[in-house]
Amino acid sequence: MIYIFCALYQEASCLIEKYGLKRAEGFRSRVYQSGEITLAVTGTGIVGPVMALSEICQNHKKKESKDFMINLGIAGCRPDAKEDVRGKIFIANKIHNEVTGRDFYPDMIVNSTLPEKKLITVARPIDAGEMEEGILYDMEAAFLFEAGQNYFDVARMFFIKIISDAGVSKEQDQPISSEEVKMLVFDQMENIQSVMDVLRALSLTQRDSCEEQDKLTAAMSELLCASATMEQEIAKIIRYTRLARVDVEKILGDLKREGRIPVSDRREGKKVLDRIKRQILRFDT
């Protein structure tokens, strides 16, 4: 599953249209869903984004699932004299919370191909003169990162920002319009879709792998007359064998040929499980 959080509807509308998302009932925030995508329009600032993320993840996200989280939206940035950055898209490699002083570092394990920048989350719109040159500024990312750590692996959280302005200024006739926000996102949909395609492919691959592991856990538990506690241990062993590239199916096949499984009772199952663990760790007796 991919969870997307946008502060403004105009930031989200292109994704809603592109992926055919439909308004979901039963949420305090505006939530749109279809298949493996859930998108929330949270409002700006601290409270709305954190409340939306917490509500969705506490009540609807499966525990221990390998889901992805994206925060997509516009950001301010004061460019250097030679660079026109309005409309350009970036992914945050460091997020600083100006309110608390804390720093967060997204793990850039998945190659998004997007250029990277530091992002500072502020509590209010700020003047261009208050901005550091070449740094992104928004009002949600740090709060979402801090809350999101409770539900997502850090390596599965992505903060994607499109530069909309260079901060508030007296010379600016009027703030950026809703239509301009939508067009900024629309112009970057190819890049956004590329990131989504990578994450959706990873999500499907990992879901298939999880289903395979669940089936093997159930089969092994039946062979060993496993209790609920033993079944949890078997699930951990299966996950370990996948990471360590140990062929646990071969170990089970050898035990079947020896007549050691299936067992007749739980006590014998525990003994066989201990033997399996020793073989996995290459301490077979």
Side-chain angles (χ1 to χ4, degrees), residues 4-15 29-30 40-54 69-106 108 112 114-149 154 157-188 191-192:
I4 305 170
F5 297 90
C6 299
L8 306 173
Y9 179 80
Q10 292 75 18
E11 296 169 335
S13 61
C14 290
L15 287 170
S29 304
R30 283 187 288 174
V41 178
T42 67
T44 59
I46 303 174
V47 178
V50 172
M51 285 184 63
L53 185 147
S54 299
M69 182 196 118
I70 296 174
N71 170 221
L72 172 68
I74 59 172
C77 180
R78 181 165 70 90
D80 62 37
K82 300 178 181 178
E83 185 181 22
D84 180 13
V85 294
R86 189 177 189 275
K88 291 189 177 179
I89 189 168
F90 295 91
I91 189 166
N93 57 13
K94 177 182 178 181
I95 302 172
H96 175 73
N97 188 332
E98 192 179 63
V99 177
T100 64
R102 295 188 64 185
D103 290 321
F104 304 101
Y105 297 89
M108 312 300 286
S112 69
L114 298 180
E116 301 173 12
K117 272 188 183 293
K118 176 183 174 181
L119 171 65
I120 296 177
T121 296
V122 294
R124 59 176 178 79
I126 61 173
D127 187 273
E130 300 176 81
M131 289 182 169
E132 295 180 49
E133 194 174 275
I135 305 295
L136 302 172
Y137 287 82
D138 85 335
M139 296 176 65
E140 299 83 34
F143 307 117
L144 283 170
F145 190 105
E146 191 160 7
Q149 290 179 112
V154 173
M157 298 164 66
F158 303 86
F159 297 82
I160 299 172
K161 300 294 172 177
I162 301 167
I163 297 175
S164 59
D165 57 79
V168 179
S169 67
K170 294 178 181 178
E171 292 76 20
Q172 190 175 7
D173 294 330
Q174 56 186 7
I176 184 170
S177 69
S178 297
E179 189 60 30
E180 285 177 301
V181 173
K182 183 175 179 178
M183 287 307 300
L184 285 170
V185 177
F186 177 81
D187 289 342
Q188 289 293 346
N191 283 316
I192 295 167

Backbone N/O of [Y] and side chain of [X]: donor-acceptor pair under 3.5 Å:
{"X": "Lys117", "Y": "Gly134", "result": "yes"}
{"X": "Tyr137", "Y": "Ala128", "result": "no"}
{"X": "Arg86", "Y": "Asp165", "result": "no"}

Are the side chains of [Y] and [X] in contact, using a 4.5 Å heavy-atom criterion?
{"X": "Phe5", "Y": "Glu140", "result": "no"}
{"X": "Cys77", "Y": "Met131", "result": "no"}
{"X": "Glu11", "Y": "Val181", "result": "yes"}
{"X": "Thr44", "Y": "Leu8", "result": "yes"}
{"X": "Met139", "Y": "Val122", "result": "yes"}
{"X": "Arg78", "Y": "Val85", "result": "no"}
{"X": "Ile176", "Y": "Leu184", "result": "yes"}
{"X": "Val154", "Y": "Phe145", "result": "yes"}

If you compare all heavy atoms of [X] against all heavy atoms of [Y], which two are closest, and at what distance to 0.1 Å?
{"X": "Ala75", "Y": "Leu136", "result": "CB-CB, 4.4 Å"}
{"X": "Ile162", "Y": "Gly87", "result": "CG2-O, 3.8 Å"}
{"X": "Ala141", "Y": "Thr121", "result": "N-OG1, 3.5 Å"}
{"X": "Gly45", "Y": "Phe143", "result": "O-CD1, 4.0 Å"}
{"X": "Pro49", "Y": "Ile46", "result": "CD-O, 3.6 Å"}

Practice task
Take Leu53 and Met69 through the side chain to side chain contact (heavy atoms under 4.5 Å, CB included) test and state the conclusion after the steps.
Solution key: CA-CA 10 Å; Leu53 185 147; Met69 182 196 118; 3.7 Å; yes
Exercise for the section: Please identify each residue that fulfils side-chain hydrogen bond (donor to acceptor under 3.5 Å, both in side chains) with Glu116, with sequence neighbours left out. Expected result: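 So Glu116 forms a side-chain hydrogen bond (donor to acceptor under 3.5 Å, both in side chains) with Asn93.
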Output the distance between atom [atom1] ([X]) and atom [atom2] ([Y]), rounded to the nearest 0.5 Å.
{"X": "Phe159", "Y": "Ile70", "atom1": "CZ", "atom2": "CD1", "answer": "10.5 Å"}
{"X": "Glu130", "Y": "Glu98", "atom1": "CD", "atom2": "CD", "answer": "8.0 Å"}
{"X": "Asn97", "Y": "Leu119", "atom1": "CG", "atom2": "CG", "answer": "10.0 Å"}
{"X": "Asn191", "Y": "Phe90", "atom1": "CG", "atom2": "CZ", "answer": "11.0 Å"}
{"X": "Lys118", "Y": "Ile135", "atom1": "NZ", "atom2": "CD1", "answer": "5.5 Å"}
{"X": "Ile74", "Y": "Ile163", "atom1": "CD1", "atom2": "CD1", "answer": "11.5 Å"}

Handout entry: Test side-chain contact (heavy atoms from CB on, under 4.5 Å) applied to Val41 - qualifying residues, sequence neighbours left out
Key =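 Listed in chain order: Tyr9, Ala12, Arg30, Tyr32, Leu39.
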Exercise for the section: Run the numbers on Asn71 and Asp138 for side chain to side chain contact (heavy atoms under 4.5 Å, CB included), then give the verdict. Expected result: CA-CA 11 Å; Asn71 170 221; Asp138 85 335; 4.1 Å; yes
Handout entry: Audit row: Gln188, Ile160, side chain to side chain contact (heavy atoms under 4.5 Å, CB included) steps and yes/no
Key = CA-CA 11 Å; Gln188 289 293 346; Ile160 299 172; over 6 Å; no
Practice task
Please lay out, stage by stage, how Ser29 and Thr42 fare under the test side chain to side chain contact (heavy atoms under 4.5 Å, CB included).
Solution key: CA-CA 6 Å; Ser29 304; Thr42 67; 5.6 Å; no
